[in-house]
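Taking it in order: structure first as C-alpha cells, then the write-up.
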Amino acid sequence: MAYVRILPEVKKTGFNFKDYLESVKSRLESLINKVHFEHLPELMALVREVLGINHVNHLGRLQKIDREITSRSWRYR
C-alpha cells in the first residue's frame, strides 16, 4: 500500500474570474437602469459582448469592457 499524505485544505485567495464577470454584469445592469435612453443601444451591445464571455481566456475583452463602463461619462436620467 502506498503512503499518501493528505494536505490540509487551504482557502484560496486571489483573483476569481467568475466573480469578476458577475460584477461587470451587475454594473452593466445598474447602468441600464440609470442612464439616459440615448445610451441604451451602446449598452446593449456591451451586454451582448459580456454574455458571450465564458472563459478566462476572454479576460482581456472583459477588462476592456470594464474600463469602458467606468471611464465613460454617461448621461443619467
Side-chain angles (χ1 to χ4, degrees):
M1 184 149 88
Y3 175 75
V4 178
R5 182 175 176 205
I6 299 174
L7 296 174
E9 194 170 316
V10 177
K11 192 171 191 172
K12 294 181 181 179
T13 59
F15 179 73
N16 187 334
F17 177 74
K18 190 173 182 179
D19 292 342
Y20 183 54
L21 180 61
E22 291 303 318
S23 73
V24 171
K25 284 181 184 179
S26 67
R27 273 187 271 150
L28 266 174
E29 184 180 356
S30 68
L31 267 177
I32 287 172
N33 293 327
K34 293 178 189 176
V35 297
H36 198 267
F37 298 114
E38 67 189 26
H39 297 298
L40 287 181
E42 182 182 353
L43 281 174
M44 293 312 290
L46 290 175
V47 166
R48 282 191 294 276
E49 194 171 346
V50 167
L51 290 176
I53 295 174
N54 58 4
H55 196 271
V56 73
N57 290 343
H58 302 270
L59 180 61
R61 276 178 43 204
L62 188 61
Q63 288 175 327
K64 182 183 132 227
I65 292 169
D66 188 23
R67 280 192 301 271
E68 190 172 337
I69 292 170
T70 54
S71 65
R72 192 173 186 304
S73 58
W74 302 100
R75 185 174 156 211
Y76 294 95
R77 294 183 214 172

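No hydrogens, no waters, no symmetry mates; every other heavy atom, side chains included, goes into these values. Fair warning: this is a prediction, and the values are worked out from it, not measured in the lab.
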Nearest-0.5 Å distance that lies between atom CG in L21 and atom CG in L62: 5.5 Å
Distance, nearest 0.5 Å, that separates OH of Y20 from CG of D66: 3.5 Å
Within residues 50-77 or reaching into it, pairs that qualify as ring-ring contact (aromatic ring centres under 6.0 Å, His included) - sequence neighbours excluded: H39-W74
Qualifying salt bridge (Lys or Arg N to Asp or Glu O under 4.0 Å) pairs, either residue in residues 67-77, two or more places apart: E38-R75, E42-R72
Heavy-atom side-chain proximity of M44 to I32 below 4.5 angstrom: yes
Gap between atom CG of N33 and atom CG of L28 - 0.5 Å precision: 11.0 Å
Nearest atoms (heavy-atom pairs only) where L40 meets V35: CD2-CG2, 4.5 Å
Any residue meeting salt bridge (Lys or Arg N to Asp or Glu O under 4.0 Å) with K25, in chain and number order, not counting sequence neighbours: E22
S71: side-chain contact (heavy atoms from CB on, under 4.5 Å) partners, not counting sequence neighbours: none
Residues that N54 engages under side chain to side chain donor-acceptor pair (under 3.5 Å), provided they are two or more places apart: none
Close side-chain approach of I53 to V24, heavy-atom, < 4.5 Å: no
